[in-house]
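Because the structure is predicted, anything quoted here is derived from the model rather than measured. Throughout, protein chains are lettered first and strands after them, A, B, ... in sequence-line order, and every chain is numbered starting at 1.
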2 protein chains.
Amino acid sequence: MALEHALLVSLSEREGSGYELARRFDRSIGFFWAATHQQIYRVLRRMEEAGWVTHTDIAQEGRPDKKVYQVADTGRAELTRWLAEPIEPTTLRDELGVKLRGASLGDEAAVLREIERHRDEHAARLAAYQAIEQRDFPKPGKLSGRELHQYLVLRGGIRAEQSFTAWCDEVVQALRPEGAR
Amino acid sequence: MALEHALLVSLSEREGSGYELARRFDRSIGFFWAATHQQIYRVLRRMEEAGWVTHTDIAQEGRPDKKVYQVADTGRAELTRWLAEPIEPTTLRDELGVKLRGASLGDEAAVLREIERHRDEHAARLAAYQAIEQRDFPKPGKLSGRELHQYLVLRGGIRAEQSFTAWCDEVVQALRPEGAR
DNA sequence: AGGTGCAGTGCAACCCGTTGCATAGCTAGG
DNA sequence: CCTAGCTATGCAACGGGTTGCACTGCACCT
């Protein structure tokens with residue numbers, strides 16, 4: 001149920017097409033809620049049927065036309081309603097833990113390499129998030145309102161990636177063969 | 001695709017019924033991959049059709065009969081194959097980030113209370129995991145093989161909960177109204 | 001000249017997971 | 001005595017998400 005509301009949040013900040021929303025997600029709400037263009041298109045249509053958003057067709061030169069969506073009153077009301085509603089705390093969901101748990105039933109060295117690969121990928125994401133932090137929020141102490149919320153969401157992404165890479169390092173340290181230590 | 005393999009890992013350690021597996025998940029692999037009994041029953045049946053597992057009916061007194069599943073050779077081979085295969089690094093997926101991101105479009109105080117509630121829940125999980133750590137792995141330096149892997153998975157759960165509660169605290173600190181600081 | 005990549009929308013099929021419900025008998029507590 | 005909760009399995013329906021594919025036209029690189 002969260003994709004609808006994530007789209008409402010994003011469209012409340014600025015109207016946009018499905019394609020634009022997909023790219024925005026990659027850079028911000030996507031830290032907490034990823035989505036493909038397919039899904040976004042489908043959900044936008046459903047939301048329009050429900051009257052939460054409306055769209056305007058925009059003709060472009062040299063590019064395909066696009067549908068720019070705006071939040072309607074009903075959508076704003078729905079978002080407010082949802083924000084006040086409690087949600088279930090989530091649990092981690094990562095296949096890597098399953099692999100590690102089963103490592104002794106297969107090629108343990110391969111699992112270890114996989115963990116190193118994931119560590120590198122998460123470290124790269126961490127670096128990307130930290131670059132955004134430095135560039136867009138150089139003085140976090142002065143923020144308030146919407147900007148402060150955006151910053152705190154980014155902080156969540158940073159903390160998650162830090163913690164994951166640190167865990168991978170712990171695992172690699174513990175499993176690296178004796179000779180390599 | 002990971003539930004099948006999580007079940008294979010768990011059944012490789014010890015045979016068991018769907019019900020037992022559901023409870024085991026709550027205490028170990030569940031840190032990384034949660035599952036309901038419904039899903040487990042369905043997947044076990046599918047796995048049996050594929051020849052990965054077999055079951056024995058066990059009659060019990062005063063309790064319903066149960067189906068105890070064992071891993072077959074094909075299942076063992078499949079698990080080994082999967083363990084060597086690369087998987088995609090995951091991204092965080094938590095509605096709470098979406099709510100925080102949209103907080104200024106609704107009742108901000110309610111969102112803050114929700115974040116505090118989640119912090120408490122995650123802190124409780126952290127405490128539960130740490131209790132398991134103390135009880136089952138008092139001397140982690142001496143572990144190796146399967147036990148070491150189990151311990152490291154638990155460490156992943158602990159780190160994730162620590163990092164999440166710390167993030168919630170950061171958010172609460174930053175958003176708490178001036179007077180309350 | 002040809003391939004890659006971006007911008008833009010969309011269909012169809014599938015898989016995974018959740019929710020609500022049903023059944024059944026035992027045990028423990030109020 | 002009755003209700004709640006545990007053990008144990010399962011059906012049916014739905015909703016969310018992923019994957020593969022299709023079409024168009026421009027820009028850029030080799």
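- Side chain to side chain, Arg146(A) and Ser104(B) fail the donor-acceptor criterion of an N or O pair below 3.5 Å.
- For the pair Leu21(A) CG and dA7(C) P, the computed distance is 14 Å after rounding to whole Å.
- Of all nucleotides in DNA chain D having an atom under 4.0 Å from a heavy atom of chain A, the first and last in 5' to 3' order are dG16(D) to dC26(D).
- Residue pairs meeting the ring-ring contact (aromatic ring centres under 6.0 Å, His included) criterion with at least one partner in residues 68-92 of chain B, sequence neighbours excluded, are His5(B)-Trp82(B), His55(B)-Tyr69(B).
- When the salt bridge (charged side-chain N to carboxylate O under 4.0 Å, His left out) test is applied to Arg46(B), the partners found at least two apart in sequence or on another chain are Glu4(B).
- Across residues 6-20 of chain A, not one residue has a non-hydrogen atom less than 4.0 Å from an atom of DNA chain D.
- Both Val153(A) and Leu112(B) sit in one connected hydrophobic cluster of ILVMFWY residues. Membership requires side-chain heavy atoms under 4.5 Å apart, directly or through other members.
- Every residue two or more places apart in sequence or in another chain was checked for a salt bridge (charged side-chain N to carboxylate O under 4.0 Å, His left out) with Arg42(B), and none qualifies.
- Judged as a ring-ring contact (aromatic ring centres under 6.0 Å, His included), the pairs with a partner in residues 91-127 of chain A (not counting sequence neighbours) are, in order, His122(A)-Phe164(A).
- Every pair passing ring-ring contact (aromatic ring centres under 6.0 Å, His included) that includes a residue from residues 142-163 of chain A is listed here, sequence neighbours excluded: Phe137(A)-Tyr151(A).
- Qualifying side-chain hydrogen bond (donor to acceptor under 3.5 Å, both in side chains) partners for Thr54(B), counting only residues two or more places apart in sequence or in other chains: Gln70(B).
- Between the P atom of dG10(C) and the NZ atom of Lys66(A) lies a distance of 14 Å, rounded to the nearest Å.
- An angle of 30°, rounded to 10°, separates the two end axes of the helix from dA1(C)-dT30(D) to dG30(C)-dC1(D), each defined over five pairs.
- In this structure, Gly30(B) and Thr91(A) approach most closely via the heavy-atom pair O-CG2, 3.7 Å.
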Steps toward ring-ring contact (aromatic ring centres under 6.0 Å, His included) verdict (Phe32(B), Trp167(A)): CA-CA 13 Å; Phe32(B) 276 83; Trp167(A) 175 66; 5.2 Å; yes
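- With sequence neighbours excluded, the residues that form a salt bridge (charged side-chain N to carboxylate O under 4.0 Å, His left out) with Glu170(A) are Arg155(B), Arg159(B).
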Under 4.0 Å protein heavy-atom contacts per nucleotide of nucleotides 15-29 of chain C, with B for base, S for backbone only and - for none: -SBBBB-----S---
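- Checked against salt bridge (charged side-chain N to carboxylate O under 4.0 Å, His left out), Glu13(A) has the following partners two or more places apart in sequence or in another chain: Arg101(B).
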Trace of the side chain to side chain donor-acceptor pair (under 3.5 Å) decision for Thr165(A) with Arg119(A): CA-CA 5 Å; Thr165(A) 48; Arg119(A) 180 199 54 199; over 6 Å; no
